[in-house]
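The block underneath contains the structure these notes are about, expressed in structure tokens.
Chain naming here is simple, since letters A, B, ... match the order of the sequence lines and numbering starts at 1 in each. For the numbers below, each heavy atom of this structure counts, side chains included, while hydrogens, waters and symmetry mates do not.
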Amino acid sequence: MAAIVSVENLRKVYDSGFEALKGVDLEIREGEILALLGPNGAGKTTLISTICGITRPTSGRVTVAGHDVVTDYRASRRLIGLVPQEITLEPFTKVMVAARFTRGLFGKAPDDAYIERLLRQLSLWDKREAMTKELSGGMKRRVLIAKALAHQPRILFLDEPTAGVDVDLRKSMWEVVEALRADGVTIILTTHYIEEAEAIADRIAVINGGRILLVEEKDRLMRRMGRKELTIELQCPIDAIPETLAAFELVRGEDGQTLTYSYDRAAERTGIVTLLSALSEAGLVLRDLQTRQNSLEDIFVGLVREEA
Amino acid sequence: MNWRAIWTIYRSEMARTFRTLVQSLVAPIISTSLYFVVFGTAIGSRIETVEGIDYGAFIVPGLIMLTVLMQSISNASFGIYFPKFIGTIYEVLSAPVSFLEVVIGYVGAAATKSLMIGLVIYVTANLFVTLPVKHPFAALGFLVLTCVSFALFGFIIGIWAKNFEQLQLVPLLVINPLVFLGGAFYSISMLPPVWQTITLFNPVVYLISGFRWSFFGTADVGVGLSLAAIGVFTGACLLAIWWIFRTGWRIRS
Ligand SMILES: Nc1ncnc2c1ncn2[C@@H]1O[C@H](COP(=O)(O)OP(=O)(O)O)[C@@H](O)[C@H]1O
Ligand SMILES: [Mg+2]
């Protein structure tokens, strides 16, 4: 798939002298859902803001569908919708009016039928005449999404869309995202709810300290880095791991009743069979077995720690 | 030009104005009436005429200018400061609009509002005194130019201000004295010669003088000079705004 957003060697030094982006390269493919994963202060918002035109790049180049975001900002910004991290809404504006405002600001002819469909989809239609200050936090977030989509963008940026949002809303938000993807909209979301990235993204980019640490297909990432753990519960606690089992690098649980073996799921030989026979040779009686797959979170924590 | 965006900003700002229309209009009407009671009636009964003009009528152009000037600054500075303050400015910054379009939208709305207030004061003044307007088109021209140029100035203050105190600082410390020493309530010729000279450095003098000329046909300074003064001031504001636009000063990090 072709790149719709392309970031080349992007650096951003704020007026304070702080370098928030230290040479970022990133290609976002048309129609994909890309999760931008990183701890607080990693530079996610700065990266998004630079693509959207809210902050100016210090050096480097960003293009959206081939349009430079600095020199050809009209063409690039027209394609983009942005849901900011902070909930920022004019308190006395009505929901419907707020959505119309964004559409007009982006130079699109009024289309109340489209706005109606949008508000219905986001369960905001009943609230169309309500002022935004009267809405709950979750609904305000949805108003921001409605505004971002009011001009029918081809690319949607969601900056931590589910922070402080309840489970129901989160689910309905992902339904909206799925529907958008079906329409061919490219979606970039930042989150530190890693399960979310795991559940919804096609690709995952990890950013920390102003650098992109990796960009990879989620499935490949999971396969490549997904280690599995086998937890063995013993009939009787042991004080130490027998010498004969040293090669398996087992970890003894605190109560001495469990042993944990970690292995590569993708490897040809997992070593489980040999481990099990070695265990019985050592005279250990098993009570139960459990396996657990590493989540993206573990991978992510590992990566960030490596970097530090 | 993204005309639709300009219109969208303008309309949304005007909607905000109309939401608070009563406050916006009542305050200037009351203060104008008070000025008439104090200056027109109490003091005016002693002065009677200035340069052959009834004192009550003489102060009207200055009074309108004074209010319009302050209103333009406060409307425009608040208009752009507010979205900066609550964060909704992100939307304008990420929209396919040029800074010029943003300025036209916000400044146009602020100027419209103060123009409306200026007209309302004129109508109110007619309840107290008879007010012939000798050069109506010139009067309207001066009024519109003042609204626009001081709304531009207010816009710059709104971009510059980092907090509400700063937002009120410039009008309070700079504009207020200039306006009161600008000859709204007296003719420059009534001052001692030294003060007449000093006064000529006050740009507001030219505004009020020009505006008064369009009412009564007499002025403290030449009309051409008045126009030139407004022109220079407007030009300076436009230049400052162009520079803000180039550098993204205090709006785009
Ligand atoms: N306007 C600014 N001026 C100076 N530093 C900033 C500014 N905005 C963000 N930063 C700094 O840049 C870094 C990255 O911030 P941000 O992009 O918001 O991170 P994230 O969204 O990943 O949490 C942080 O250390 C933050 O303090
Ligand atoms: Mg952020």
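The contact between Arg16(B) and chain A is made entirely by side chain atoms (from C-beta outward), counting heavy-atom distances below 4.5 Å. When heavy atoms are compared at a cutoff of 4.5 Å, Leu144(A) approaches chain B solely by way of its side chain, counted from C-beta outward. Contact of Ala75(A) with chain B is not made at all, since no heavy-atom distance falls under 4.5 Å. Using a 4.5 Å cut-off between heavy atoms, Glu90(A) contacts chain B through both its backbone and its side chain. Heavy atoms closer than 4.5 Å to chain B are found in the backbone of Lys108(A), but not in its side chain. Both the backbone and the side chain of Phe101(A) come within contact range of chain B, each with at least one heavy atom under 4.5 Å from a heavy atom of that chain.
Interatomic distance, Leu82(A) CG to Leu93(B) CG, rounded to the nearest 0.5 Å: 10.5 Å. Rounding to the nearest 0.5 Å gives a distance of 5.0 Å between OH of Tyr90(B) and OG1 of Thr88(A). The CD atom of Glu91(B) sits 3.5 Å away from atom NZ of Lys147(A), with the distance rounded to the nearest 0.5 Å. Put simply, CG on Asp15(A) and CZ on Arg250(B) are 10.5 Å apart, with the number rounded to the nearest 0.5 Å. Considering OG of Ser94(B) and CD1 of Ile48(A), their distance stands at 11.5 Å, rounded to 0.5 Å. Separating the OG1 atom in Thr8(B) from the CZ atom in Arg100(A) is a distance of 11.5 Å, to the nearest 0.5 Å.
With Arg77(A) contributing its side chain and Ala95(B) its backbone, the two residues share a donor-acceptor pair below 3.5 Å. Between the side chain of Arg74(A) and the backbone N or O of Met1(B) there is no donor-acceptor pair closer than 3.5 Å.
Taking each heavy atom of Arg252(B) and Gly53(A) in turn, the nearest pair found is NE-O, 2.7 Å. Heavy atoms only, all atoms of each residue included: Val97(B) and Leu105(A) are closest at CG1-O, 3.6 Å. Heavy-atom minimum distance, Leu89(A) versus Ile86(B): O-CD1, 3.8 Å.
Under a cut-off of 6.0 angstrom, the local environment of NZ in Lys94(A) is sparse, with at most 12 non-hydrogen atoms contributed by other residues, nucleotides or ligands. The environment of OH in Tyr10(B) is crowded: more than 12 heavy-atom neighbours from other residues, nucleotides or ligands sit within 6.0 Å.
In this structure the side chain of Pro96(B) never reaches within 4.5 angstrom of the side chain of His151(A), judged on heavy atoms.
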For the pair Tyr73(A) and Ser98(B), evaluate side-chain contact (heavy atoms from CB on, under 4.5 Å) and give the outcome as yes or no after the intermediate values. CA-CA 9 Å; Tyr73(A) 65 88; Ser98(B) 70; 3.2 Å; yes
